[in-house]
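Just so it is clear, the values below take in all heavy atoms, side chains as well, and ignore hydrogens, waters and symmetry mates. Computed from a prediction, not measured in an experiment: that's the story for all the values here. We name chains A, B, ... by the order of the sequence lines, and we start the count at 1 in each one.
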Amino acid sequence: MPFQLFNSLSGKTEEFAPAQDNLVRFYACGPTVYDYGHIGNFRTFVAVDVLRRHLLQSGRQLLHVMNITDVDDKIIRNANQKGVPIGEYTAKFEKAFLEDMDALAIQQPERISRATENIPEMIALIQGLAKKGVAYQAEDGSWYYRISKFPEYGKLSKKDFTGLITDGSGRMDADEYEKDDARDFALWKAPKEGETSWDTAIGPGRPGWHIECSAMAMKYLGESFDLHAGGEDLLFPHHENEIAQSEAATGKTFARHWMHVRFLLVEGQKMSKSLGNFYTLRDLVLMGHKPSSIRLLLMSVPYRKQLNFTFDGLVQAANSVERLRNFKIRLETSQWAEGNNPEAAAVAKNAVTEMRAALDDDLNTAQALAAIFDLVRDVNAMADQGKVTKGDIPALLEALTKFDEIFGVLQDHDATHIKATVEWARRENREEKISAAALEMAQSASFSDADVEALVAKHSEARKARDFKTSDAVRDELLAQGIILENTKDGVRWKRK
RNA sequence: GGCGCGGUAGCCAAGUGGUAAGGCAGAGGCCUGCAAAGCCUUUAUUCGGCGGUUCGAUUCCGCCCCGCGCCUCCA
């Protein structure tokens, strides 16, 4: 079955394939770098990452563009408060965001593009709209988009705007009084006192919210491209306005397919600072939660379904990752009898087939996960019965590789990331937020594999001599460093906590 | 008010017109110097409630209850 993906534009699940060649051209709205990323942000980015990885595994090539919004009201306000240029202010959060992406094993897009580096492209787009009479300049110098010129306005958000002309109410913000119609939105904002602005052919000012995405998407992907993705809140007005701007300018379909990721709940409620359930990735890591647990939890519910992010769920996800990693370690470290068991190869192949079928079905990650757990259970059982042989291991590991090409949780880099986060917290004077659990997990990152191996060897020797007192002491010593040592009938093995 | 999504075991959650995947947790057992890891058995006569269609509905329709989202800069 070809890849099926829900399209917010048509409201239907449709086959998704690139229009030209084998290259998928897509744009995903990135962060506004005014603060550290929270788990809600990362649900969206993880979902897009799953899309990316599935397309790649399906043999597609990608041109994935993500914007970084490095100028907006909040950025200007916060930078002014700190008395630093906005570029300095945003650089810090952009760096933090990229680090967080890495911690969550989110692949980098082929191109990351900053709003402030594409001002000329935006101006050109606005000028084009002005020429067509779709953009107009208000008395204060701001430019607006005239929605009445775009009959299809509302086609993405399925809103009916007829009869909703100028509302005479007091809903309009002070800087919007110049608009001809209440629905019109800003393309270019004239500078206010103390605001960063650019001198341009259409006058001084700064970009409206939506224009950057239209300009950058078309710059790198062309006037018409395959897919546009983002959080569900962006559907209106952001994406609706992007369509209006772009299609009015070019007369062509902007993005053919639209993907929107649903918001998550935290402990059953919408995440908000006032409810006290607002968490950045860094908050959670400092509390002692591994990035891999967070990633798995974010992927465990299909992207179109509301995900209830809870601390209980985080523990469950951590245990699930443990089971998967234990399985991989077992395959890699056990002594296997010579031979081949066609049944094992069949189980491996079947699991991958099922996983991919689930992903082809609108990225059903929950079902894909089930396929891989079936493999784990079946192969563990076969191994206990001595039915797994040396010749089967490559195929089984290959299946796990295929799984991890999508889910990205088997490689254990948690300790390193936790350590980096702990160090960041110290630099930022957030020491009081560092939990004992985080410290313990960070500790094992200071222990190289060679260090561990040396102690493991010491443990094994003592054990061989049935000096359990010494062997247990070494094991406890390792545990105190965040290393778990296990003895199995097939030998000794270790892993980081 | 307009538009939309969802309510499945203790928790997370998939799914289908023919009688409920998977994960986590719990219980019992096997294995084991200990500790783990792993395996086996077990945990929803039932899928928010009430009606309807049907030989048969958790799955289709209607109503009701509950939760949630968007409706101008929050992913």
Could you work out the separation of B:G49 and B:A57 based on their P atoms and round it to a whole Å? 15 Å
Before you tell me yes or no, could you show the steps for A:D384 and A:K489 under salt bridge (Lys or Arg N to Asp or Glu O under 4.0 Å), namely the whole-Å CA-CA distance, both residues' side-chain angles and the distance that decides it to 0.1 Å? CA-CA 11 Å; A:D384 280 4; A:K489 65 176 163 41; 5.1 Å; no
With the side chain of A:Q306 defined as its heavy atoms from C-beta on, choose the nearest nucleotide among B:C71, B:G67, B:C12. B:G67
Hey, can you tell me if A:F97 and A:F42 have their rings parallel, tilted or perpendicular (30° and 60° cut-offs)? parallel
Nearest to side-chain heavy atoms of A:N380, which nucleotide of B:A36, B:A14, B:C39: B:C39
Does A:N364 have a side-chain nitrogen or oxygen under 4.0 Å from the phosphate oxygens OP1 or OP2 of B:G15? yes
Between B:G33 and A:R463, counting only base atoms on the nucleotide and side-chain atoms on the residue, is there a donor-acceptor pair under 3.5 Å? yes
Please tell me which of A:D472 and A:P302 maps to the more 5' nucleotide of RNA chain B, matching each residue to the nucleotide holding its nearest heavy atom. A:P302
Between A:F311 and A:H289, what is the ring plane arrangement, given parallel below 30°, perpendicular above 60°, and tilted in between? tilted
Tell me whether the side-chain N or O atoms of A:R323 pair up with the base of B:C24 as donor and acceptor below 3.5 Å, since no angle test is needed here. no
The nucleotide from B:G38, B:C40, B:C71 with an atom nearest the side chain of A:A381 is B:C40
Base, sugar-phosphate or nothing for A:R330? Non-hydrogen atoms, less than 4.0 Å. sugar-phosphate
Parallel, tilted or perpendicular: which one describes the rings of A:F185 and A:Y145, with boundaries at 30° and 60°? parallel
Is there a donor on the side chain of A:Q316 or the base of B:G23 sitting less than 3.5 Å from an acceptor on the other? yes
Distance below 4.0 Å between A:R377 side-chain N/O and B:G22 OP1 or OP2: yes
Counting only Watson-Crick or G-U wobble pairs whose two distances fall under 3.5 Å, which nucleotide matches B:U16? none
Name the pairing partner of B:U58, where a pair is Watson-Crick or G-U wobble with both distances under 3.5 Å, or state none. none
Candidates B:C74, B:A35, B:G2 - which lies nearest the side chain of A:E486: B:A35
For A:H210, report the nucleic acid contact type (base, sugar-phosphate, nothing); a contact means any heavy atom under 4.0 Å. nothing
B:U32 to B:U46 separation - C1' atoms, rounded to the nearest Å: 39 Å
Strictly below 4.0 Å: does A:R304 bring a side-chain N or O up to OP1 or OP2 of B:C68? no
Heavy atoms under 4.0 Å, any strand shown: does A:E232 hit a base, just sugar-phosphate, or nothing? sugar-phosphate
For B:C73, does the base pair up with any side-chain atom of A:K189 as donor and acceptor (N or O, under 3.5 Å, distance only)? yes
Take the angle between the ring planes of A:F403 and A:F407 and call it parallel below 30°, perpendicular above 60°, tilted in between. parallel
